[in-house]
K.L.:
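Can you keep this structure in mind? I'll have questions shortly.
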Amino acid sequence: MKKINFASDNYAGVHPEVMQAIWSANEGPSIAYGGDAITAAAIQQFKHHLGNHAETFFVFNGTGANVSALCAMTQSHEAVICAEKAHIQVDECGAPEKIAGCKLLLVPAIHGKITAEGIQSQLQRIGDQHHVQARVISISQSTEYGTVYTLDELRKLSAFAKAHNLYLHMDGARLANAAVSLQTDLKTIVEAAGVDVLSFGGTKNGMMMGEAVVFLNPLLAKSFLYIRKQNMQLASKMRFISAQFQALLSNNLWLNNARHANAMAQHMAQGLKKIKSIQITQPVDANAIFAIMPTALIEKLHTRYHFHIWDEHLSEVRLMTSFDTRIEEIDDFIRDAAQ
Ligand SMILES: Cc1ncc(COP(=O)(O)O)c(C=O)c1O
């Protein structure tokens with residue numbers, strides 16, 4: 001029997017409207033490397049959602065988006081401040097250090113979120129030629145723990161960044177889920193945080209592949225055409241990535257997909273809360289649930305469901321929902337867990 005997916009939104013398939021867009025883009029030849037009409041239209045869509053000044057570049061994946069963004073934001077003696085469990089720190093195999101060539105300065109996070117106070121502790125020896133110079137704050141919205149920074153928290157981080165002459169990078173692999181959670185639009189979030197460069201996710205929200213690096217600070221975009229190529233993130237048949245974004249950003253598909261994923265996470269959380277031996281460990285703001293469960297229960301559930309053990313020592317698991325999660329799958333999981 002095929003296992004049911006609560007492992008990751010990356011396990012999900014491709015949304016039919018996205019697949020249709022890829023199919024429709026396949027009409028004969030078209031200019032390569034982003035010179036095509038579909039790419040131009042998709043770039044316009046980003047302007048519509050994030051403001052006319054937004055400069056967008058499509059890339060293959062999230063790691064490529066983050067690392068290329070950091071390349072554009074730092075020099076080799078500069079550092080990026082991020083949460084100790086940020087994707088760029090724990091899940092990118094050292095690519096920021098190798099490719100962007102910059103040091104990551106880690107800040108403890110509560111439920112995946114960092115604060116100005118935490119960041120302050122890493123702001124040391126500014127102007128000292130012996131010491132790496134902090135240049136960027138990188139945050140994930142939503143976070144790796146399925147939590148979402150409030151607009152107020154983002155405004156505080158933005159004010160801090162500006163006061164200390166730091167750029168702000170947002171890993172928005174799941175920005176759509178954050179927007180649903182905050183009941184607001186993408187632009188409001190990005191403006192609240194004073195984002196300079198955004199990695200915007202498509203893959204986790206119904207695309208086959210592709211992410212976007214969006215510059216809200218156009219000065220930083222100056223060399224990005226070359227950085228993207230050097231980082232091997234320039235797609236020759238770019239129209240097939242662009243077409244997916246066009247579909248995602250039209251007709252509120254991005255919103256509806258994320259809305260569904262978040263609603264499924266809420267349904268899961270409500271069900272799990274009723275089971276005494278299960279303890280939810282993080283606020284469920286977006287599309288992930290973190291929970292401590294008895295090891296024997298994890299083993300049993302693993303025979304029918306895919307999900308990740310997040311922390312072996314704590315017996316903490318991560319359950320993730322996506323645009324294609326079905327409510328019956330969750331009900332089955334809750335029933336099996338309760339039994
Ligand atoms: C917070 C976050 N950022 C970025 C990514 C993108 O990574 P990838 O390179 O696998 O597309 C992920 C994927 O899991 C993620 O969770």
Side-chain angles (χ1 to χ4, degrees), residues 7-15 17-18 21 42-43 45-46 49-50 54 56-70 82-83 86-88 90-92 95-96 112 138-149 154 168-182 184-187 189-190 193 195 197-216 228 231 233 235 238 240-250 252-262 265 285-288 318 320-325:
S8 173
D9 38 16
N10 282 324
Y11 278 44
V14 179
H15 191 280
E17 285 179 40
V18 172
I43 286 171
Q45 290 267 24
F46 274 92
H49 284 281
L50 293 169
T56 301
F57 300 81
F58 299 119
V59 295
F60 289 113
N61 58 34
T63 301
N66 285 341
V67 172
S68 302
L70 296 179
C82 65
H87 196 267
I88 55 171
V90 295
D91 276 315
E92 297 188 358
S138 179
I139 58 170
S140 301
Q141 176 77 324
S142 54
T143 72
E144 290 74 6
Y145 284 90
T147 54
V148 172
Y149 287 91
L154 294 176
L168 200 129
H169 167 250
M170 181 176 278
D171 177 347
R174 298 188 181 88
L175 186 59
N177 304 88
V180 168
S181 173
L182 295 173
T184 189
D185 51 43
L186 302 172
K187 192 162 177 243
I189 298 178
V190 162
V195 172
V197 188
L198 167 71
S199 304
F200 182 75
T203 314
K204 296 175 196 332
N205 200 24
M207 281 175 44
M208 180 186 285
M209 67 184 69
E211 314 279 304
V213 181
V214 188
F215 290 82
L216 289 317
R228 176 174 62 178
N231 287 355
Q233 289 287 323
M238 196 183 292
F240 294 106
I241 295 180
S242 316
Q244 296 177 66
F245 271 117
Q246 229 191 348
L248 196 70
L249 295 179
S250 314
N252 281 339
L253 184 60
W254 68 275
L255 187 63
N256 293 334
N257 282 357
R259 199 174 266 156
H260 178 81
N262 286 17
D285 293 340
N287 63 325
R318 185 188 79 173
M320 190 164 254
T321 54
S322 55
F323 80 89
D324 66 355
T325 302

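As the structure is a prediction and not an experimental result, all values here were calculated from the model.
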K.L.:
Between CG of L253 and CD of E17, what distance do you get to the nearest 0.5 Å?
P.N.:
5.0 Å
K.L.:
Please round to the nearest 0.5 Å and tell me the distance separating atom NZ of K204 and atom CG of N257.
P.N.:
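One finds 14.5 Å between NZ of K204 and CG of N257.
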K.L.:
Please name all residues satisfying side-chain contact (heavy atoms from CB on, under 4.5 Å) with A12, sequence neighbours left out, ordered by chain then number.
P.N.:
S322, F323, D324
K.L.:
Name all pairs fulfilling the salt bridge (Lys or Arg N to Asp or Glu O under 4.0 Å) condition that reach into residues 170-180, sequence neighbours left out, sorted by first residue then second.
P.N.:
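Applying salt bridge (Lys or Arg N to Asp or Glu O under 4.0 Å) to every pair that reaches into residues 170-180, excluding sequence neighbours, yields D9-R174.
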K.L.:
Which pair of heavy atoms, one from A288 and one from G146, lies closest together, and at what distance?
P.N.:
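Heavy-atom minimum between the residues: CB-CA, 4.0 Å.
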K.L.:
Does the side chain of R228 come within less than 4.5 Å of V213's, by heavy atoms?
P.N.:
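Result no, sub-4.5 Å side-chain heavy-atom pair not found.
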K.L.:
Could you pull out the closest heavy-atom pair between I139 and L154, with the gap in Å?
P.N.:
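So the two residues come closest at CD1-CD2, 3.6 Å.
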K.L.:
For F46, what residues pass the ring-ring contact (aromatic ring centres under 6.0 Å, His included) criterion, not counting sequence neighbours?
P.N.:
F58, F200, F245
K.L.:
What are the two closest heavy atoms between G206 and V18, and how far apart are they?
P.N.:
O-CG2, 3.5 Å
K.L.:
Between atom CD1 of I241 and atom CD of Q246, what is the distance when rounded to the nearest 0.5 Å?
P.N.:
13.5 Å
K.L.:
How would you list, by chain and number, every residue that makes a side-chain contact (heavy atoms from CB on, under 4.5 Å) with D91, sequence neighbours excluded?
P.N.:
H87
K.L.:
What pairs with A261 under side-chain contact (heavy atoms from CB on, under 4.5 Å), at least two apart in sequence or on another chain?
P.N.:
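Expected list: N177, N287, T321.
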K.L.:
Holding to side-chain contact (heavy atoms from CB on, under 4.5 Å), I want the full list of residues that pass it with H260, two or more places apart in sequence or in another chain.
P.N.:
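With sequence neighbours excluded, H260 shows a side-chain contact (heavy atoms from CB on, under 4.5 Å) to M264, given in chain and number order.
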K.L.:
Where is the tightest heavy-atom contact between A286 and N262, given as atom of each residue plus distance?
P.N.:
C-OD1, 3.4 Å
K.L.:
Quick check: does any side chain N or O of S242 sit under 3.5 Å from a backbone N or O of M238, one acting as donor and the other as acceptor?
P.N.:
yes
K.L.:
Could you go through the side chain to side chain contact (heavy atoms under 4.5 Å, CB included) check for H49 and V214 one step at a time?
P.N.:
CA-CA 11 Å; H49 284 281; V214 188; over 6 Å; no
K.L.:
Contact between N10 and M320 at the side-chain level, heavy atoms closer than 4.5 Å - yes or no?
P.N.:
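They are not in side-chain contact.
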K.L.:
Who pairs with S181 by side-chain hydrogen bond (donor to acceptor under 3.5 Å, both in side chains), at least two apart in sequence or on another chain?
P.N.:
none
K.L.:
Any side-chain heavy-atom pair from N231 and V59 closer than 4.5 angstrom?
P.N.:
no
K.L.:
How long is the gap from CG on D185 to CH2 on W254, to the nearest 0.5 Å?
P.N.:
7.0 Å
K.L.:
Just how far is it from atom CG of L249 to atom CG of L186, taken to the nearest 0.5 Å?
P.N.:
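Going from CG on L249 over to CG on L186, the span is 7.5 Å.
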K.L.:
By side-chain hydrogen bond (donor to acceptor under 3.5 Å, both in side chains), which residues pair with S142, not counting sequence neighbours?
P.N.:
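With neighbours one apart ignored, the set is empty.
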K.L.:
Shortest non-hydrogen contact from A69 to V197?
P.N.:
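Of all heavy-atom pairs spanning A69 and V197, the closest is CB-CG1, 3.7 Å.
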K.L.:
Here's a test for you: under side-chain contact (heavy atoms from CB on, under 4.5 Å), which of V190, L175, I189 qualifies with V195?
P.N.:
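Of V190, L175, I189, side-chain contact (heavy atoms from CB on, under 4.5 Å) with V195 is met by V190 alone.
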K.L.:
Atom OG in S138, atom CG in L70: separation rounded to 0.5 Å?
P.N.:
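Nearest 0.5 Å value for the OG-CG distance: 6.0 Å.
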K.L.:
Residues in side-chain hydrogen bond (donor to acceptor under 3.5 Å, both in side chains) with E211, at least two apart?
P.N.:
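Checked E211 against side-chain hydrogen bond (donor to acceptor under 3.5 Å, both in side chains); matches are T203.
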K.L.:
Taking only residues two or more places apart in sequence or in another chain, which ones pass side-chain hydrogen bond (donor to acceptor under 3.5 Å, both in side chains) with Q244?
P.N.:
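side-chain hydrogen bond (donor to acceptor under 3.5 Å, both in side chains) list for Q244, sorted by chain: empty.
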K.L.:
Heavy atoms only: give me the nearest A193-M170 pair and the separation to one decimal.
P.N.:
CB-CE, 3.8 Å
